[in-house]
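Structure record follows, encoded as structure tokens.
Values below: every heavy atom of this structure, side chains too, minus hydrogens, waters and symmetry copies. The chain is numbered in sequence order, starting from 1.
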Amino acid sequence: MRTLLATVAATAVATTLGGAGLALADTGAATSSVIPVVAHSKVDKRIDLGRKGFSVGDQETSSATLTSSGKAIGRLDGVCAATFATRSKAHELCSQTLALPGGEIVAVGTIVSTPHGPAPFDWAITGGTGNYAGATGFVHVIPANGPKIHMTIHVTY
């Protein structure tokens with residue numbers, strides 16, 4: 001299983017780095033990979049609960065296609081819930097699933113936003129399925145004004 005994941009990660013990294021060769025072997029020891037992806041938003045729906053307008057308890061569901069070097073490699077599905085909201089700051093607790101070849105990675109964490117939007121943030125990888133079973137690490141997210149969000153998956157498996 002680790003060999004398939006290593007191949008997927010190596011392909012994504014090598015393609016991103018201009019085709020530089022990279023070989024990872026399944027040694028039975030923990031392996032770390034960095035997988036750069038872009039999330040292309042397909043569905044983004046806010047559910048207004050409680051007080052009218054953005055407030056604590058509101059939810060946002062989203063789905064996106066994940067690409068690496070312009071090629072579709074998976075999808076992201078997630079939900080965020082507002083846990084704190086004022087006119088100048090908001091906190092949302094999020095749970096995301098990144099479906100990639102060979103399995104899924106689950107990431108959770110918070111987003112802190114101001115009227116100018118959120119700053120870059122990290123979500124903790126809390127596990128996975130298939131080739132990603134037992135995964136740890138983090139997903140670094142660089143928010144954007146638009147449908148494309150750049151993410152870097154730092155995974156140890």
Contact between [X] and [Y] at the side-chain level, heavy atoms closer than 4.5 Å - yes or no?
X    : Y   : answer
H154 : V34 : yes
D48  : R46 : no
M151 : L76 : yes

Which residue pairs satisfy the disulfide bond (SG atoms under 2.5 Å apart) criterion with at least one member in residues 119-157, sequence neighbours excluded?
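Qualifying pairs, neighbours excluded: none.
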
Filter on disulfide bond (SG atoms under 2.5 Å apart), then keep only pairs touching residues 71-140, sequence neighbours left out; what's left?
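Non-adjacent pairs meeting disulfide bond (SG atoms under 2.5 Å apart): C80-C94.
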
Hphob cluster co-occupancy, L98 + V38, side-chain heavy atoms under 4.5 angstrom:
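No, separate clusters.
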
Shared hydrophobic cluster for V37 and I149 (ILVMFWY, side-chain gaps under 4.5 Å)
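V37 clusters together with I149.
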
Can you give me the closest heavy-atom contact between [X] and [Y], atom names plus distance?
X    : Y    : result
T65  : A72  : CG2-CB, 4.1 Å
P36  : S68  : O-OG, 3.4 Å
D77  : S63  : OD1-OG, 3.0 Å
W123 : A107 : CB-CB, 3.9 Å
I153 : L100 : CD1-CD1, 4.1 Å
P115 : S88  : CD-O, 3.4 Å

Could you state the interatomic distance from [atom1] ([X]) to [atom2] ([Y]), rounded to the nearest 0.5 Å?
X    : Y    : atom1 : atom2 : answer
Q96  : I105 : CD    : CD1   : 12.5 Å
E92  : F54  : CD    : CZ    : 4.5 Å
T83  : D58  : OG1   : CG    : 11.5 Å
F121 : I111 : CZ    : CD1   : 3.5 Å

Treating [X] as the side-chain partner and [Y] as the backbone partner, does any N or O pair qualify as donor plus acceptor under 3.5 Å?
X    : Y    : result
T129 : E104 : yes
T86  : K89  : yes
D44  : S62  : no

The criterion is ring-ring contact (aromatic ring centres under 6.0 Å, His included); which residues satisfy it with H91, sequence neighbours excluded?
F84

